Amino acid sequence: MLDQLKYSLQESIQKIDSSIELLIDDIEVSLLFDEKGDFTTNIALKLSKLLKQKPLDLAQLVIKNFSSKDFEKIEVAGPGFINFFLKDQSFLKLLNYEQKRFQDQSTVNIEFVSANPTGPLHLAHGRGAIVGDVLSNLYQFFGHNVTREYYVNNTGNQINEFLSSILYHISSIHNLALPYKQFYKGDYIQDLAEKCFENFKDIFKSKLISKEQELKIVNYAIEYLVSLSIQTLEGSGIVFDQVSYETSIVEKKLLPEIIKELEKKGFVYRGQLHNPKDFQGTKKDNEITIFKSTHFGDDEDRALTKNDGTPTYFANDIAYHVDKHKRGYSRLINIWGADHLGYLKRLSSALSALHPDINFSVVFCQIVNLKRNNEIQKMSKREGTIFELDQLVNEIGIENYRYFMCYRKNDTHMDLDIDLIKKENKENPIYYIQYSFARSQSVLERANKLINKNMDLSLELKNLIKKIHEWDLVVFNSYKRNEVHLISHYLENLASMFHSLWSSAKSNPQIRFLDEDNNLSEEAQSLLKKYQLVLSEGLGILGIKPKLKM
RNA sequence: GCGCUUGUAGCUCAGUAGGAUAGAGCACCAGAUUCCUAAUCUGGGGGUCGUAGGUUCGAUUCCUGCCAAGCGCGCCA
């Protein structure tokens with residue numbers, strides 16, 4: 001119905017001045033939940049500058065030329081807002097209004113979590129995981145064919161250090177005197193070392209471990225941790241469609257072509273950047289391949305190869321994203337931690353150099369602090385105070401976990417208050433929302449027979465109907481902006497209006513859903529069903545099942 | 001030092017393609033239950049929107065300086 005209102009407004013404005021080119025999307029209409037009215041638009045304020053007319057005069061003109069049967073009153077208020085008051089019968093129209101939902105069936109690849117495969121998932125990964133999954137649900141809601149992808153960085157230094165740490169443990173526990181250093185610490189490394197030892201007993205009979213054997217061991221260890229992570233994620237309701245390994249991207253040998261392509265476009269040169277951080281001794285004169293990312297506004301040019309000729313992480317990452325692009329997705333979305341903010345410029349530069357038409361975007365998730373007993377828990381790898389994701393999900397439950405990870409805007413810092421989350425009352429929004437669903441369900445279950453009777457249009461009922469109607473706006477906005485918190489906030493507000501209506505019937509039995517004989521009016525039934533539908537859709541996108549009974 | 005993000009009520013945070021008296025929850029105070037789930041609801045106090053300027057009919061929102069917090073600043077990944 002908001003769309004209809006927009007069209008009527010457009011029509012009215014055309015009548016005033018047919019030379020105005022006003023797009024329907026330029027007309028802003030929002031809902032009011034107070035005595036000012038039901039809908040409002042600021043279009044007169046917006047157009048006043050363009051038309052060089054006073055907003056109040058313009059608003060009057062708009063009203064004069066406006067035609068619609070749904071409103072009993074339209075008035076100008078404040079500096080030039082136009083406020084609309086719906087007729088009573090229009091509220092029921094509003095309730096049963098079936099908006100045709102925007103649909104786009106193009107393919108989208110959403111890559112998230114993608115943690116280094118050298119340790120278990122912890123709290124920091126949890127936010128990206130849920131935001132990525134919920135965003136995937138949101139895109140599916142609008143018809144997209146979504147691939148949830150998990151990327152495993154199984155090459156590079158970190159892998160060597162990881163392997164070395166495992167072998168160091170095996171060596172020291174079994175007195176093997178193998179020449180490996182310790183880099184990673186923690187219980188999980190010891191457990192993993194023991195598993196590797198059991199699995200590769202034969203290898204450790206000799207004093208020397210070949211490169212091939214090392215590879216076998218590290219691949220086993222990585223595979224073990226990856227499957228553990230996937231398992232943890234499944235425990236939070238996330239199922240990936242694809243797991244990609246850096247090594248298999250390397251095997252595709254895309255990089256030489258990519259560098260050639262960049263060369264052709266003049267974005268690559270051979271040369272030297274500053275010395276590496278750990279560089280000692282005389283200046284090396286090896287030249288490396290460098291991408292001219294400053295051309296795209298980056299602070300400095302970025303290395304594509306290292307001193308020893310091997311590709312950098314960045315180079316392989318370009319190849320990985322080109323690979324995703326080649327797989328035919330019309331859109332690539334990455335979920336990254338805020339510590340990668342500075343990395344975006346160089347990757348998007350490289351991608352737009354190669355494929356100017358690429359639709360690539362990154363959603364950033366800021367860090368999450370854990371709060372317990374009103375104190376922020378400092379987390380540090382060194383202190384061994386890392387909170388593993390498994391533990392968290394176990395402690396607070398999957399629903400709370402998923403809801404609270406979507407509770408705050410993704411790019412702001414967030415405190416996760418464990419004590420609040422575990423509360424089972426209105427302080428906990430997800431509990432509050434679920435309770436409202438259970439209340440609505442109890443009415444439907446109690447209903448004896450359906451009768452034909454008009455509902456009493458109280459203020460609370462009108463507000464609830466309007467709020468339900470707002471859902472289409474909210475979910476679309478959330479999708480357009482890649483912001484999942486809009487959904488959780490909406491659901492909380494919606495539930496609040498339901499509870500208000502419910503309580504208003506305490507003092508006024510006239511407006512209860514059920515009469516003395518537990519008869520339910522058809523209108524009330526359709527309201528309750530619509531309420532449940534919207535809640536189910538919203539909760540569904542968050543990956544939470546509504547509760548029928550509590 | 002440079003870059004990015006953030007600064008809104010005592011606390012946790014919404015709101016910002018410039019718009020009405022800046023919102024919600026918690027905490028605090030006062031109320032509501034013979035009645036569909038009180039696991040809830042109603043009302044109240046509480047703000048120089050970090051700060052100083054600028055842009056204009058109008059700025060929490062845009063621009064600039066400053067202050068404070070977080071993150072990043074490898075031929076690591």
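Nothing here was measured: the structure is a model prediction, and the numbers come from that model. Chain A is the first sequence line, chain B the second, and so forth, proteins listed ahead of strands; every chain is numbered from 1.
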Find the distance [X]:[atom1] to [N]:[atom2] and express it as a whole number of Å.
{"X": "L47(A)", "N": "C57(B)", "atom1": "CG", "atom2": "P", "value": "16 Å"}
{"X": "F404(A)", "N": "C13(B)", "atom1": "CZ", "atom2": "P", "value": "12 Å"}
{"X": "D515(A)", "N": "C35(B)", "atom1": "CG", "atom2": "P", "value": "16 Å"}

### Min side-chain heavy-atom separation F404(A)-P429(A) under 4.5 Å
yes
### Beyond-backbone contact of N334(A) with F360(A), side-chain heavy atoms, under 4.5 angstrom
yes
#### Entry: Sugar-phosphate, base or nothing in reach of Y432(A), heavy atoms under 4.0 Å
sugar-phosphate
### Message
Which label fits F476(A) and Y479(A): parallel for a plane angle under 30°, tilted from 30 to 60°, or perpendicular past 60°?
### Response
tilted
### Task
Name the pairing partner of U56(B), where a pair is Watson-Crick or G-U wobble with both distances under 3.5 Å, or state none.
none
### Pairing nucleotide - G72(B), Watson-Crick or G-U, each distance under 3.5 Å
C2(B)
#### Entry: E246(A)-N316(A) side chain donor-acceptor pair, cut-off 3.5 Å
yes
Check this one for me: any side-chain N or O of [X] less than 4.0 Å away from OP1 or OP2 of [N]?
{"X": "K306(A)", "N": "C76(B)", "value": "yes"}
{"X": "T312(A)", "N": "C75(B)", "value": "no"}
{"X": "S500(A)", "N": "U42(B)", "value": "yes"}

### Query
Syn or anti for A17(B), taking syn as within 90° of 0?
syn
[X] side-chain proximity, nearest of [options]:
{"X": "K506(A)", "options": "U40(B), C35(B), A20(B)", "value": "C35(B)"}
{"X": "L32(A)", "options": "C76(B), G15(B), A20(B)", "value": "A20(B)"}
{"X": "R446(A)", "options": "U40(B), C36(B), C26(B)", "value": "C36(B)"}

#### Entry: Side chain T40(A) and base A20(B) donor-acceptor under 3.5 Å
yes
### Message
Is it the case that A20(B) (base atoms only) and N83(A) (side chain only) share a donor and an acceptor within less than 3.5 Å, ignoring hydrogens and angles?
### Response
yes
### Query
More 5' along RNA chain B: K371(A) or P509(A), using each one's nearest nucleotide?
K371(A)
#### Entry: Contact nearer the 5' end of RNA chain B, comparing A495(A) with K549(A)
K549(A)
